[in-house]
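To keep things clear, I will list the structure first and then write my remarks on it.
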Amino acid sequence: QLSVLQISHIAGGSPLASAVPMAPPAVAKGPAQIQLERLDQVFGPGYFEHGRLVFTVARDVAGVMKVAHRLQARVNETLGAMVEVIMEHVKHELWQKLHDSASNCSLSKGAEVPEAQVTDIPEGIRQHPYRRDRLPTLEVLLLWNDTETGATRGRCLYTMANPEVPSLDQVDDIFAQIEPYFAKRWLAAQLQLAPPVRGEFEEVDEAADAVDTHVGAGHVVTVLACHPHGFASIASSETEGYGVAHVSQVKPLPFQAMTDDAGIAKICFLPAALNKLQVPETERFYGTEVSLMASEIKTLDQGFTRVSVTLTPKAVASVIVHVFEMPRKLPQSDETDGIIDWAAEERSPLSSATVGLTSLKGSSVVQLKHSEGDTYVAEGVAEGCVTAEVKCPGYATEEQTLMLLVGPNEFYFPLEASAR
């Protein structure tokens with residue numbers, strides 16, 4: 001019998017090439033992933049909540065002001081309060097005089113004076129229009145604050161230099177170049193707990209027992225944007241040299257954020273027709289998933305999309321254990337068939353005891369904390385059978401199997417002195 005390597009060698013092929021499986025072809029990126037990477041290259045994953053659009057307009061060039069005003073109306077209508085439009089007027093006549101003076105007198109053009117700016121534009125973001133070789137007749141500059149450093153950053157979204165002049169027919173085309181930079185949307189997910197699951201025989205006092213729905217900080221919230229990956233029959237320069245993606249390789253685009261102290265997670269994501277908001281399971285509550293359709297996402301002029309996510313708390317029990325000294329003479333219990341109602345008796349508390357609960361399903365141990373007197377308490381214990389072990393110096397160890405139900409559970413452990 002010949003091995004695969006020997007047969008390949010006899011046939012004249014390369015043994016190594018026959019033995020090593022072919023690697024699957026690289027999969028082309030989907031349109032949404034390509035768009036997201038381009039946005040991240042400009043803004044980073046943090047994006048921004050509010051920005052400024054500076055419209056630089058040559059006001060002495062015929063027709064430019066009308067184009068700027070119509071473009072401003074289009075921006076305000078679509079982008080709303082997310083950006084503030086600031087008009088910066090320049091004159092070609094003044095630009096011409098400055099350049100003639102600089103050429104004739106060999107003067108250098110100085111830096112921008114902050115006091116003369118229409119808004120704060122730090123040095124290095126752009127070259128001032130009057131210092132350029134060609135004055136822009138219309139330019140759109142986006143300014144925003146970096147989410148990590150707080151520094152002002154900027155990017156030119158559109159520019160047209162003299163002698164070219166924009167027309168009213170070009171407003172839609174100009175806006176089409178600006179709009180992709182605002183493709184992301186902000187989502188504010190408010191996490192809250194549903195009323196706790198109560199036991200069958202647990203009494204509910206609506207006035208005294210207020211439900212705590214607070215979730216708090218540190219919980220991960222994920223948005224899965226289910227973008228299409230494209231069509232296998234359509235090829236482009238972006239997909240050239242790549243294989244067609246199998247359905248198992250197409251995954252949603254994930255976006256994550258952490259909740260703050262108020263239980264709110266702010267997520268900036270690239271919305272798809274279907275988006276799924278996921279909260280993983282924790283010790284306090286079960287995980288959940290909420291579908292968010294594109295029609296439910298607010299446009300930029302409407303601000304944040306706010307979603308309230310109600311989480312189901314886990315069925316947990318609270319445990320109260322009373323540890324006290326066994327009296328030398330037991331109370332009378334003839335009328336109760338030998339059952340002593342320790343709650344009605346006077347007890348000698350043992351405050352130095354150790355009380356532990358061990359689940360019968362696993363090895364998890366819960367230590368009860370001493371509250372006051374003979375009381376030891378534990379909150380948030382999973383329901384079910386547990387083994388309770390009570391130890392105290394100078395007394396015999398007591399061990400019992402208990403059944404914990406949802407809600408409060410109260411037990412009494414009289415310990416007998418070891419010297420007896």
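Scope of the values below: all heavy atoms of this structure, side chains included, with no hydrogens, waters or symmetry mates.
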### Task
For residues Asn162 and Trp95, determine if any side-chain heavy atom of one lies less than 4.5 Å from a side-chain heavy atom of the other.
no
### Over-ring placement of Lys298 relative to Phe304, 6.0 Å and 45° cut-offs
no
### Message
Just by distance, no angles: are the side chains of Ser308 and Gln192 close enough, under 3.5 Å, to form a donor-acceptor pair?
### Response
yes
### Message
Please report the interatomic distance CZ(Arg185) to CD1(Ile267), rounded to the nearest 0.5 Å.
### Response
15.5 Å
### Message
With a 6.0 Å cut-off (strictly less than), is the heavy-atom count around CD of Glu37, excluding the residue itself, greater than 12?
### Response
yes
### Message
Looking only at side-chain N and O atoms, does Asp100 offer a donor or acceptor that is under 3.5 Å from a partner on Gln96?
### Response
yes
### Task
Measure the shortest side-chain to side-chain distance between Trp144 and Val83 over non-hydrogen atoms and say whether it is less than 4.5 angstrom.
no
### Query
Are a donor atom and an acceptor atom from the side chains of His92 and Asp60 found within less than 3.5 Å of each other?
no
### side chain to side chain contact (heavy atoms under 4.5 Å, CB included) between Gln177 and Leu157, intermediate numbers included
CA-CA 7 Å; Gln177 297 184 40; Leu157 305 186; over 6 Å; no
### Query
Hey, what's the ring geometry for Phe48 with Phe182, parallel, tilted or perpendicular (30° and 60° as the breaks)?
perpendicular
### Message
Show the nearest heavy-atom pair for residues Ile125 and Thr152, with the distance to one decimal.
### Response
CD1-O, 3.7 Å
### Message
With heavy-atom distances below 4.5 Å as the criterion, would you say the side chains of Met258 and Val220 are in contact?
### Response
yes
### Task
Decide side chain to side chain contact (heavy atoms under 4.5 Å, CB included) for Val140 and Leu71; before the verdict, give the C-alpha distance in whole Å, the side-chain angles of both, and the deciding distance to 0.1 Å.
CA-CA 10 Å; Val140 180; Leu71 183 61; 4.1 Å; yes
#### Entry: Validation row: Phe285, His219 side chains within 4.5 angstrom (heavy atoms)
yes
### Query
About how many Å separate OG1 of Thr119 and CZ of Arg52, when rounded to the nearest 0.5 Å?
3.5 Å
### Query
Do the ring planes of Tyr47 and Phe43 sit parallel (below 30°), tilted (30 to 60°) or perpendicular (above 60°)?
perpendicular
#### Entry: Ion pair Lys184/Asp40, N-O distance below 4.0 Å
yes
### Task
Sort out for me which residue in Gln278, Lys276, Gln256 forms a side-chain hydrogen bond (donor to acceptor under 3.5 Å, both in side chains) with Thr222.
Gln256
#### Entry: Side-chain heavy atoms of Val42 within contact of Arg38, under 4.5 Å
no
#### Entry: CG-OH distance between Leu79 and Tyr181, expressed to the nearest 0.5 angstrom
13.5 Å
### Working for side chain to side chain contact (heavy atoms under 4.5 Å, CB included), residues Ile174 and Leu138
CA-CA 10 Å; Ile174 297 173; Leu138 178 62; 4.0 Å; yes
### Task
Please assess Thr312 against Thr288 for the test side chain to side chain contact (heavy atoms under 4.5 Å, CB included), listing each intermediate value before the final yes or no.
CA-CA 8 Å; Thr312 303; Thr288 188; over 6 Å; no
### Task
Taking atom CD of Glu281 as the centre, report whether more than 12 heavy atoms of other residues, nucleotides or ligands fall under 6.0 Å from it.
yes
### Query
Taking side chain as C-beta onward, heavy atoms only, is His128 less than 4.5 Å from Arg126?
yes
